[in-house]
Peer 1: 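First the structure, which I've put down as structure tokens, then a few questions once you've had a look.
Just so it is clear: chains get the letters A, B, ... in the order the sequence lines come, proteins before strands, and each one is counted from 1. Scope of the values below: all heavy atoms of this structure, side chains included, with no hydrogens, waters or symmetry mates.
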Amino acid sequence: MMNKTFEPKEFENKLYQKWTKGGYFTPEIDKEKTPFTIVIPPPNITGQLHMGHALNNTLQDIVIRFKRMDGFATLWLPGTDHASIATELKIVEQLQAEGLSKAKVGRESFLERAFLWKEKYGGRIVEQLKRLGSSCDWTKEAFTMDEKCSKAVREVFVSLYEKGLIYRGYRMTNWCTSCGTAISDAEIEYDEKPSFLWHIKYPYTDGSGYMVVATTRPETILGDTAVAVNPDDQRYISVVGKTMLLPIINKEIPVIADHYVELGFGTGAVKITPAHDPNDFEVGERHNLEIVTVIDENGIMNENAAKYKGMTVLECRKAVVDDLKELGLIEKIEPHTHNVGECYRCKTAIEPRPCEQWFVKIESLAKPAIDVVRKGETKFIPQRFEKTYFNWMENIKDWCISRQLWWGHRIPCWYCDKCGEMIVSRTDPDYCPKCQNDKLRQDEDVLDTWFSSALWPFSTLGYPDKTKELEYFYPTSLLVTAYDIIFFWVARMIFSGIEHMGKTPFPEVLIHGIVRDEKGRKMSKSLGNGVDPLILIDKYGADSLRFSLTTGVAPGGDIRFSEDKMESSRNFMNKLWNASRYVIMNLEGKDVPPLDRDNLTNADKWILTKLQITIEEVRKNLEKYEFGLSLAKLYDFIWNDYCDWFIELTKPMLYSQDHSVKLRALSVLKFVLINILKLMHPFVPFITEEIWQNLNISPTIMLESYPKYDKTLVDLDAFDSFEAIKEIIVKIRNIRAEMNVPPTRKCRLFVKTANVDAIKNARVYIEKLVQVLEINFVSDKEQAGNKVCQAVTASAEIYIPLGELVDFEKEKARINKEIEKVTAEIKRSQSMLNNAGFVAKAPKKLVDSEREKLEKHTALLDKLNLQLKDFD
RNA sequence: GGGAGCAUAGCUCAGCUGGGAGAGCGCUUGCCUUACAAGCAAGAUGUCAUAGGUUCAAGCCCUAUUGUUCCCACCA
């Protein structure tokens with residue numbers, strides 16, 4: 001017995017277990033079948049399921065379930081990411097709570113803790129993905145630091161190194177003082193912050209006055225090694241080459257000329273701090289300037305900062321400004337907003353800092369990655385995201401891949417301190433190949449997390465080993481991800497796939513938006529406006545959540561979350577549930593035959609035709625990843641056509657004494673229901689499976705085949721003819737509502753029509769759906785008596801005697817309204833047909849149909865006018 | 001500075017290759033009609049941001065403008 005309402009809690013977990021136990025998520029390598037593969041964007045082991053995951057995984061699951069039902073050998077490969085920085089921060093926190101530190105416990109014990117942490121918490125997000133209904137092949141679950149993926153990372157690192165595409169160098173890097181590591185350009189977020197522009201006087205050493213220099217970072221004065229002006233700046237031509245006295249620390253620095261300085265901005269003079277600004281670093285290189293570091297890796301002023309040593313950057317800024325004021329060297333202080341670079345993990349301001357790091361040389365990797373997208377070998381959907389991709393790829397700089405962390409893939413490079421040899425190797429070396437020294441020192445650093453995620457589409461399938469999985473499932477078929485991760489991940493997977501596998505990793509990338517709160521703001525921890533999908537699943541069910549996230553959504557667009565939408569999704573689930581329950585209740589105990597195509601009523605043909613049209617639309621849109629459009633068609637078909645019309649239409653049949661009538665109606669109800677469930681399954685897997693179980697057809701709906709358009713079930717004439725009946729029913733309902741006829745009151749119906757048979761055939765529906773006592777066919781209105789309400793459809797004139805209920809004023813108003821509508825239609829058609837250009841140039845089909853409409857509406861208008869005349 | 005998106009009913013948003021403006025929620029009216037009140041029936045509601053242009057025909061294509069959101073770069 002099915003519950004009266006949709007209670008998802010009662011079956012979701014049970015069904016998920018059934019699916020996994022059945023092994024339904026694991027594809028077989030079958031040469032007869034076409035593979036279809038998606039690799040999951042691996043969530044961080046530190047992560048908890050948020051709305052972004054919910055959306056991302058719902059979309060993947062829809063495609064995967066659709067393809068699986070459609071006959072592909074379908075693999076959705078899941079896994080998690082070790083999330084180097086994020087996890088390391090967690091472990092550091094854990095240590096702090098215990099009064100420990102990284103230094104105290106040491107590397108080995110730190111890693112032990114991290115792996116333990118992964119064991120304990122890394123599985124949370126996986127369990128949460130399951131609650132969504134994700135049909136991932138868990139037997140292939142991967143982890144970016146498992147043996148398989150680590151082997152791939154090692155292979156790729158060494159091979160890139162051997163090709164000269166990985167190098168070590170002393171470069172300006174983005175340094176996070178809080179995480180204590182270098183990060184890549186992509187990992188910086190810019191935030192506009194109000195600050196000041198300090199105008200500082202730098203006196204010339206020859207006593208000939210001073211020059212005013214503007215800066216946003218006065219504390220870096222201590223590391224200045226020059227002041228630069230534009231060589232074309234007339235104001236400063238004479239001072240280039242002079243020296244000036246650096247305020248406070250009274251060091252002599254030169255005035256240099258460099259085109260880096262923009263004419264017309266600020267004072268035209270820029271202080272140069274090669275150690276703490278990337279642009280200044282470059283200027284410094286060009287002019288051979290000394291690099292004076294004044295800020296250390298913890299963001300603290302160092303010994304070069306003289307008396308400011310030990311202060312934080314901000315403390316020092318204040319102190320320096322105060323001192324300069326005292327010296328009378330501040331000319332003015334202007335408010336100034338500027339973008340501050342922050343670490344995307346911990347939001348700490350980035351300190352640019354020159355140091356020794358590992359880099360991937362990007363140019364030769366980027367070029368073919370741009371080409372595959374240009375040639376359409378990898379397509380972005382929607383296509384506009386290709387612009388974003390090109391823009392980034394074409395301006396990409398070398399990728400800093402080393403991180404001064406412990407949790408991650410340790411760089412496979414060893415140093416021989418005896419002879420200075422550097423060994424990069426696929427296997428751990430025991431001794432130096434050059435000097436035989438056996439005391440080698442491995443590089444302390446680990447790799448950027450994204451280095452391993454970049455290999456995900458093939459590392460998870462066994463690369464570098466030539467496994468049968470890799471051969472069968474690579475390249476993958478589709479990647480589904482949000483637009484905010486195109487740079488971090490998608491771009492790097494594309495160039496990695498091409499470089500190491502010789503093929504782009506996926507022909508299509510489906511980009512979706514992000515989920516925002518009710519007010520359209522990004523959901524974030526700091527705002528506390530995040531909505532927990534697990535709570536929503538508890539409250540409304542996973543299917544309602546999935547439905548909410550995919551309906552009414554255009555590809556690539558952001559989604560504004562609202563609980564109202566959750567409710568209406570849940571209501572739709574309840575509708576589907578109850579319609580199914582009704583049909584199943586009626587099926588019980590009866591041996592319902594399969595659909596008999598030779599024994600169908602017009603109403604049957606109508607719903608079957610509409611079903612086929614729906615199947616075609618749903619499929620078409622699924623192929624284009626237009627899930628919102630697919631669902632709109634399904635929603636409309638299920639609620640409006642199947643429930644509101646067809647189920648109601650079949651009620652008199654189900655109550656019929658004639659058993660064969662009953663069985664025929666049931667066979668159609670069942671046939672359509674089965675198709676509805678299959679069509680809906682990829683979107684809302686739990687409810688469809690639960691209903692399926694109640695139908696007792698096969699062990700699972702998951703492995704049924706997805707409905708295909710069947711033109712033998714399309715009968716457009718029957719469809720149109722039944723639409724005409726619906727029109728009559730709606731008109732009668734309208735009259736009854738306008739005249740406030742009590743719902744229980746049955747009335748007589750007089751019909752004037754050229755098509756008596758069609759209405760006779762539909763008599764049973766009309767009687768049931770609009771409380772009609774009997775239908776009389778007349779050739780003249782008079783035969784219906786007086787005190788009648790009347791209506792006109794394209795196929796019939798309708799008269800309903802309502803006696804005292806007829807309100808002639810209302811009736812008149814109602815008919816006038818109809819006349820208005822029809823007149824407007826006539827006008828529209830006429831103006832189009834009167835347009836010579838339209839008749840000459842528009843497709844003939846269109847012109848013809850416009851003529852037909854004009855004819856039809858003119859006839860209607862005549863009848864309406866006649867009806868109106870009666871009131872005079 | 002460069003680029004992209006969005007602007008459609010009170011709200012949230014669909015609208016496919018140009019060919020009669022749609023949905024959900026909300027609102028009005030009447031209904032517990034034995035699948036469903038998480039429901040049924042009947043309704044009301046739009047200068048499709050503005051101004052031009054292309055076309056027989058524009059919410060859709062082109063140009064400009066305004067407002068708005070985002071991404072990239074980053075000038076001290």
Peer 1: Mind checking if A:Asn740 touches a base, just sugar-phosphate, or nothing, with heavy atoms under 4.0 Å?
Peer 2: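 A:Asn740: no heavy atom of the nucleic acid under 4.0 Å.
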
Peer 1: Give the rounded distance in Å between these two atoms: CG of A:Asp644 and P of B:A42.
Peer 2: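 It works out to 9 Å between those atoms.
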
Peer 1: For B:C32, which nucleotide is its Watson-Crick or G-U wobble mate, given both distances must be under 3.5 Å?
Peer 2: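 Paired with B:C32, as far as the under-3.5 Å criterion goes, is no nucleotide at all.
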
Peer 1: Give me the distance, rounded to whole Å, that separates B:C40 from B:G52 when you measure between the P atoms they each carry.
Peer 2: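 Straight-line distance between the two P atoms is 46 Å.
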
Peer 1: What is the distance from atom CD of A:Glu334 to atom OG of A:Ser195, rounded to the nearest 0.5 Å?
Peer 2: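 If I round to the nearest 0.5 Å, the distance is 11.5 Å.
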
Peer 1: So, does A:Thr273 use its side chain to make a donor-acceptor pair with the main chain of A:Ala275 at under 3.5 Å?
Peer 2: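 Checking the backbone N and O of A:Ala275 against the side chain of A:Thr273, no donor-acceptor pair under 3.5 Å is found.
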
Peer 1: For the side chain of A:Asn339, counting heavy atoms from C-beta on, which of B:C74, B:A76, B:C16 is nearest?
Peer 2: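 The nucleotide sitting nearest to the side chain is B:C74.
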
Peer 1: Taking B:A42 as the reference, what is the distance to B:U47 when you measure between their P atoms (whole Å, please)?
Peer 2: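 Taking atom P in both B:U47 and B:A42, they lie 26 Å apart.
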
Peer 1: Expressed as a whole number of Å, how far does the C1' atom of B:G59 sit from that of B:A9?
Peer 2: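 Taking atom C1' in both B:G59 and B:A9, they lie 14 Å apart.
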
Peer 1: Ion pair present between A:Lys726 and A:Glu723, side-chain N to carboxylate O less than 4.0 angstrom?
Peer 2: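 Salt bridge: yes.
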
Peer 1: Using only heavy-atom distances, decide whether a donor-acceptor pair under 3.5 angstrom links the side-chain of A:Lys4 to the base of B:C36.
Peer 2: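 Answer no: no donor N or O sits under 3.5 Å from an acceptor.
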
Peer 1: Rounded to whole Å, how long is the line connecting atom CG of A:Asn578 with atom P of B:C40?
Peer 2: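 Rounded to whole Å, this separation is 10 Å.
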
Peer 1: Counting only side-chain heavy atoms from C-beta out, which of B:C71, B:U69, B:A76 sits nearest to A:Arg516?
Peer 2: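 Selected nucleotide: B:U69.
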
Peer 1: Can you pull out the residues from residues 550-569 of chain A that lie within a 4.0 Å heavy-atom distance of RNA chain B?
Peer 2: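 Here the set is A:Gly552, A:Ala554, A:Arg560, A:Asp564, A:Ser568.
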
Peer 1: Identify which nucleotide among B:C36, B:C40, B:A42 has an atom closest to any side-chain atom of A:Glu738, counting heavy atoms from C-beta outward.
Peer 2: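 Nearest nucleotide to the side chain: B:A42.
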
Peer 1: Name the orientation class of the two ring planes belonging to A:Phe572 and A:Tyr635 (parallel below 30°, tilted from 30 to 60°, perpendicular beyond 60°).
Peer 2: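 Geometry flag for A:Tyr635 against A:Phe572: tilted rings.
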
Peer 1: What is the distance, to the nearest angstrom, from the CG atom on A:Asn174 to the C1' atom on B:A73?
Peer 2: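 From A:Asn174 CG to B:A73 C1': 14 Å.
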
Peer 1: Picking from B:G39, B:C16, B:A38, which would you name as closest to the side chain of A:Asn574?
Peer 2: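 Selected nucleotide (nearest to the side chain): B:A38.
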
Peer 1: Quick one: label A:Lys821 by what it contacts on the DNA or RNA (base, sugar-phosphate, nothing), any heavy atom closer than 4.0 Å.
Peer 2: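 Contact class for A:Lys821: none.
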
Peer 1: Got a sec? Which of residues 841-849 of chain A come in under 4.0 Å of RNA chain B, heavy atoms?
Peer 2: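 By residue number: A:Lys841, A:Ala842, A:Pro843, A:Leu846.
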
Peer 1: Mind checking the CD-CE spacing from A:Glu690 to A:Met2? Nearest 0.5 Å is all I need.
Peer 2: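 Here the interatomic distance stands at 7.0 Å.
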
Peer 1: For atom NZ of A:Lys827, is the number of surrounding heavy atoms from other residues, nucleotides or ligands below 6.0 Å larger than 12?
Peer 2: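 Check fails, neighbour count at 12 or below.
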
Peer 1: Could you grab the distance from atom CD of A:Gln790 to atom CD1 of A:Ile735, nearest 0.5 Å is fine?
Peer 2: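 So the gap between those two atoms works out to 8.0 Å.
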
Peer 1: Of the listed nucleotides (B:G43, B:A35, B:G39), which one gets closest to any side-chain atom of A:Asn571?
Peer 2: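 Of the candidates, B:G39 comes closest.
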
Peer 1: Using atom C1' in both nucleotides, what's the gap between B:A41 and B:C32 to the nearest angstrom?
Peer 2: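 After rounding to an integer number of Å, I get 14 Å for this pair.
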
Peer 1: With heavy atoms under 4.0 Å as the rule, sort A:Val213 into base, sugar-phosphate or nothing.
Peer 2: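 Counting heavy atoms under 4.0 Å across all strands, no contact is made by A:Val213.
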
Peer 1: If you check the A:Val730 side chain, which of B:G19, B:A42, B:A76 turns out closest?
Peer 2: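 So the side chain of A:Val730 is nearest to B:A42.
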
Peer 1: Describe, in one word, how the ring planes of A:Phe385 and A:Tyr483 are oriented to each other, choosing from parallel (under 30°), tilted (30 to 60°) and perpendicular (over 60°).
Peer 2: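 Rings of A:Phe385 and A:Tyr483: parallel, under 30°.
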
Peer 1: I need the CZ-P distance between A:Arg736 and B:C31, as an integer number of Å.
Peer 2: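 To the nearest whole Å, that distance equals 13 Å.
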
Peer 1: To the nearest 0.5 angstrom, please state how far the OG1 atom of A:Thr650 sits from the CE atom of A:Met653.
Peer 2: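 Answer rounded to 0.5 Å: 7.5 Å.
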
Peer 1: With a 4.0 Å heavy-atom cut-off, tell me which residues in residues 388-396 of chain A come close to RNA chain B, sorted by residue number.
Peer 2: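 Listed by number, they are A:Asn391.
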
Peer 1: Classify the ring geometry of A:Phe646 against A:Tyr642: parallel below 30°, tilted from 30° to 60°, perpendicular beyond 60°.
Peer 2: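 Geometry flag for A:Tyr642 against A:Phe646: parallel rings.
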
Peer 1: Taking a pair as Watson-Crick or G-U wobble with both distances under 3.5 Å, which nucleotide is matched to B:U63?
Peer 2: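 Paired with B:A51.
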
Peer 1: Hey, mind stepping through A:Glu648 and A:Lys651 against salt bridge (charged side-chain N to carboxylate O under 4.0 Å, His left out) and telling me if it holds?
Peer 2: CA-CA 5 Å; A:Glu648 293 307 318; A:Lys651 278 182 179 169; 3.1 Å; yes

Peer 1: Answer with yes or no after comparing the ring centroid distance for A:Phe488 and A:Tyr344 against a 6.0 Å cut-off, counting only values under it.
Peer 2: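 Yes: the rings meet the under 6.0 Å criterion.
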
Peer 1: With rounding to the closest Å, how many angstrom separate the P atoms on B:A58 and B:G53?
Peer 2: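 B:A58 and B:G53 have their P atoms separated by 12 Å.
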
Peer 1: Tell me which nucleotide, if any, is Watson-Crick or G-U wobble paired with B:A58 when both distances must be under 3.5 Å.
Peer 2: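 Partner of B:A58: none.
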
Peer 1: Which nucleotide sits closest to the side chain of A:Tyr190: B:A35, B:C74, B:G15?
Peer 2: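 Shortest atom-to-atom distance from the side chain points to B:C74.
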
Peer 1: Start at the 5' end of RNA chain B and walk down; is the nucleotide closest to A:Val741 or to A:Asn279 reached first?
Peer 2: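 Counting from the 5' end, the first nearest nucleotide belongs to A:Val741.
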
Peer 1: By nearest nucleotide on RNA chain B, pick out whichever of A:Trp639 and A:Ser829 is the more 5' one.
Peer 2: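 Its nearest nucleotide being more 5', the pick is A:Ser829.
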
Peer 1: Measure from the side chain of A:Arg733, starting at C-beta and using heavy atoms only, and say which of B:C40, B:A41, B:C16 lies closest.
Peer 2: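 Nearest nucleotide to the side chain: B:A41.
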
Peer 1: Please report the distance, rounded to the nearest Å, between NE2 in A:His336 and P in B:C74.
Peer 2: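 Distance check: A:His336 NE2 to B:C74 P gives 15 Å.
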
Peer 1: Supply the atom-to-atom distance A:Leu587 CG to A:Lys670 NZ, rounded to the nearest 0.5 angstrom.
Peer 2: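 Taking CG in A:Leu587 and NZ in A:Lys670, the distance rounds to 6.0 Å.
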
Peer 1: Considering only side-chain heavy atoms of A:Pro743, which listed nucleotide, B:A38, B:C31, B:A76, is closest?
Peer 2: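 Within the option list, the nearest is B:C31.
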
Peer 1: Name the pairing partner of B:U68, where a pair is Watson-Crick or G-U wobble with both distances under 3.5 Å, or state none.
Peer 2: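 Here B:U68 is engaged in a pair, and the nucleotide opposite it is B:G5.
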
Peer 1: Look at the side chain of A:Met585 and decide which nucleotide, out of B:A4, B:A35, B:A76, has an atom nearest to it.
Peer 2: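 Of the options given, the side chain of A:Met585 lies nearest B:A35.
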
Peer 1: Under a 4.0 Å N-O cut-off, is there an ion pair linking A:Lys620 with A:Glu626?
Peer 2: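 Salt bridge flag = no for A:Glu626 with A:Lys620.
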
Peer 1: Rounding to the closest angstrom, what is the interatomic distance between B:U50 and B:C11 at atom C1'?
Peer 2: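 The same atom, C1', in both gives a distance of 24 Å.
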
Peer 1: Check if the side chain of A:Glu648 and the base of B:A35 share a donor-acceptor pair of N or O atoms closer than 3.5 Å.
Peer 2: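 In this structure, the two groups form a donor-acceptor pair.
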
Peer 1: Grab the CZ-C1' distance between A:Phe572 and B:A23 for me, whole Å please.
Peer 2: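 One finds 12 Å between C1' of B:A23 and CZ of A:Phe572, rounded.
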
Peer 1: With a 3.5 Å limit on both atom pairs, tell me what B:G26 is paired to, counting Watson-Crick and G-U wobble, or say none.
Peer 2: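 B:G26 is paired with nothing.
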
Peer 1: Just one of A:Lys271, A:His276, A:Arg317 clears the side-chain hydrogen bond (donor to acceptor under 3.5 Å, both in side chains) bar with A:Thr220, so which one?
Peer 2: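 Result for side-chain hydrogen bond (donor to acceptor under 3.5 Å, both in side chains) with A:Thr220: A:Lys271.
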
Peer 1: With C1' as the reference atom in both, quote the distance from B:G22 to B:C16 in angstrom, rounded to an integer.
Peer 2: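 Straight-line distance between the two C1' atoms is 14 Å.
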
